[in-house]
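Since we're looking at a predicted model, the values are computed, not measured. We name chains A, B, ... by the order of the sequence lines, and we start the count at 1 in each one.
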Amino acid sequence: MDTRAVVILREVCKIIIPAVLLFALYVQFHGEYGPGGGFQAGVIFAAGVILYALVFGRETAQRILPLTTVRIFIAAGVLLYAGVGVGTIFLGGNFLDYNVLLHDPKHAQHLGIFLIELGVGITVAAVMITIFYLLDEFCE
Amino acid sequence: MDIAILVNFSLLTLMMLVVVVLIRLKSLLGVALTNGIYSLLSAGLFVTMDAVDVAFTEAAVGAGITTVLLLGTIAVTGMEQTVSRHGKFLPLVVIFITGAALIYGTLDMPPFGDPKAPIHTHVAPHYLTESTNEIGIPNVVTSVLASYRGYDTLGEVIVIFTAAIGVLLLLGKTVGKRNK
């Protein structure tokens, strides 16, 4: 590719990628009020990282997010989700019955939904990034 | 003409055109990109049905990340479709039988948008009227997805988790060996 085209691509991505990641966080934490939630946020976050890896090279992206770290996050999200469920059992409720998490049921529901959506977001983002890393590495 | 009908009509026509293009394309690169366009159009259709959460997912997952991952897969497998050794007759018969069975299955269904359909009279009214009292968040979709149907969502997350395990098992070993 022409060097000047690469410069333009890199500079545009430097502006876009922070906005993409910020938007992912907005979708993640605003899912209770607007459209969106863990699934969409995870995918958007992964798209930001994948864009970074495409433009600046996978090695550069893996200096921030190595494959081993991302692999841990795949399981961490599921564990967080299921952990909330097990936690509610220990607090005397049913599996994933958030009402027992806090004294006020509505606050408890808020907390439960926040935590499990976070788990969903972490797993989805990590899975998408992992699949991209592996495919990209396999192509070489 | 009603603007909603006009929008629906143009979206559905475009989707049909995209499908015809998809069938006729031989280049897998083109297929992956056209697939993304199809997803984006169906996201538009979901918006006209006021299902913004579904539309958002379709746009982000279907049009966005799936296209990228498909392109990544094509980079591994090659750009051209291998020519099928089967005749054209058998696939046509299979498609006709499947299509006829699907249409036969829809005959029992309530008309599109029928307010008395079972799906609108079972638990949906409870979710719509009581979720503000029980869950206390404005987005009913999130209430249903994350609280009333928390089990199902856990299952969905595990499906995605399993997908990653599958890809890691298939490609992770080769990639890991090459690095050593």
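With a 4.5 angstrom heavy-atom cutoff, B/Val76 touches chain A via backbone and side-chain atoms both. Using a 4.5 Å cut-off between heavy atoms, A/Val84 does not touch chain B at all. At a 4.5 Å heavy-atom cutoff, the contact between A/Tyr98 and chain B is made by side-chain atoms alone. A/Ala108 does not touch chain B: none of its heavy atoms, backbone or side chain, sits under 4.5 Å away. For a residue to count as touching a neighbouring chain, one of its non-hydrogen atoms must lie under 4.5 Å from one of that chain's; by this rule B/Thr67 does not touch chain A.
Side-chain atoms of A/Glu32 and B/Asn139, non-hydrogen and from C-beta on, never get closer than 4.5 Å to each other. Residues A/Leu135 and B/Val167 form no side-chain contact, since every pair of their non-hydrogen atoms from C-beta on lies 4.5 Å or further apart. Put simply, the side chain of B/Ile137 reaches to within 4.5 Å of the side chain of A/His110, judged on heavy atoms. The closest side-chain heavy-atom distance from B/Phe56 to A/Ile44 is below 4.5 Å. No side-chain heavy atom of B/Val61 sits less than 4.5 Å from a side-chain heavy atom of A/Phe39. Within the 4.5 Å cutoff, no side-chain heavy atoms of A/Tyr81 are placed close to those of B/Ile158.
The greatest number of non-hydrogen atom pairs below 4.5 Å with chain A, out of B/Leu170, B/Val68, B/Asn133, B/Val54, is found for B/Asn133. Between chain B and the options A/Asp136, A/Ile131, A/Thr123, the largest number of non-hydrogen pairs under 4.5 Å is found for A/Ile131.
With values rounded to the nearest 0.5 angstrom, A/Ile50 atom CD1 is found 5.5 Å from B/Leu69 atom CG. B/Thr142 contributes atom OG1, which lies 13.5 Å from atom CZ of A/Phe114 (distance to the nearest 0.5 angstrom). Here CD1 of A/Ile74 is found 5.5 Å from CG of B/Leu168. Values are rounded to the nearest 0.5 Å. With rounding to the nearest 0.5 angstrom, the CE atom of A/Met128 is 7.0 Å from the OG1 atom of B/Thr66. Between atom OG of residue B/Ser147 and atom CD of residue A/Glu117 there is a gap of 11.0 Å, rounded to the nearest 0.5 Å.
A/Ala75 and B/Phe161 get closest at one heavy-atom pair: CA-CE1, 3.9 Å. Considering every non-hydrogen atom in both A/Ile116 and B/Ala146, the closest pair reads CD1-CB, 3.5 Å.
For A/His107, the NE2 atom counts as loosely surrounded, since its 6.0 Å shell holds 12 or fewer non-hydrogen atoms of other residues, nucleotides or ligands. Within 6.0 Å of CZ in A/Phe95 there are more than 12 heavy atoms belonging to other residues, nucleotides or ligands. Surrounding CZ of A/Arg58 are more than 12 heavy atoms belonging to other residues, nucleotides or ligands, all under 6.0 Å away. Within 6.0 Å of CZ on A/Phe73 lie no more than 12 heavy atoms contributed by other residues, nucleotides or ligands.
The backbone N or O of A/Pro35 lies less than 3.5 Å from no partner atom in the side chain of B/Asp53, so there is not a single donor-acceptor pair.
At a heavy-atom cut-off of under 4.5 Å, chain A is reached by no residue from residues 89-104 of chain B.
Cluster membership check: B/Leu12 shares its hydrophobic cluster with B/Val19, using side-chain heavy-atom separations under 4.5 Å among Ile, Leu, Val, Met, Phe, Trp and Tyr.
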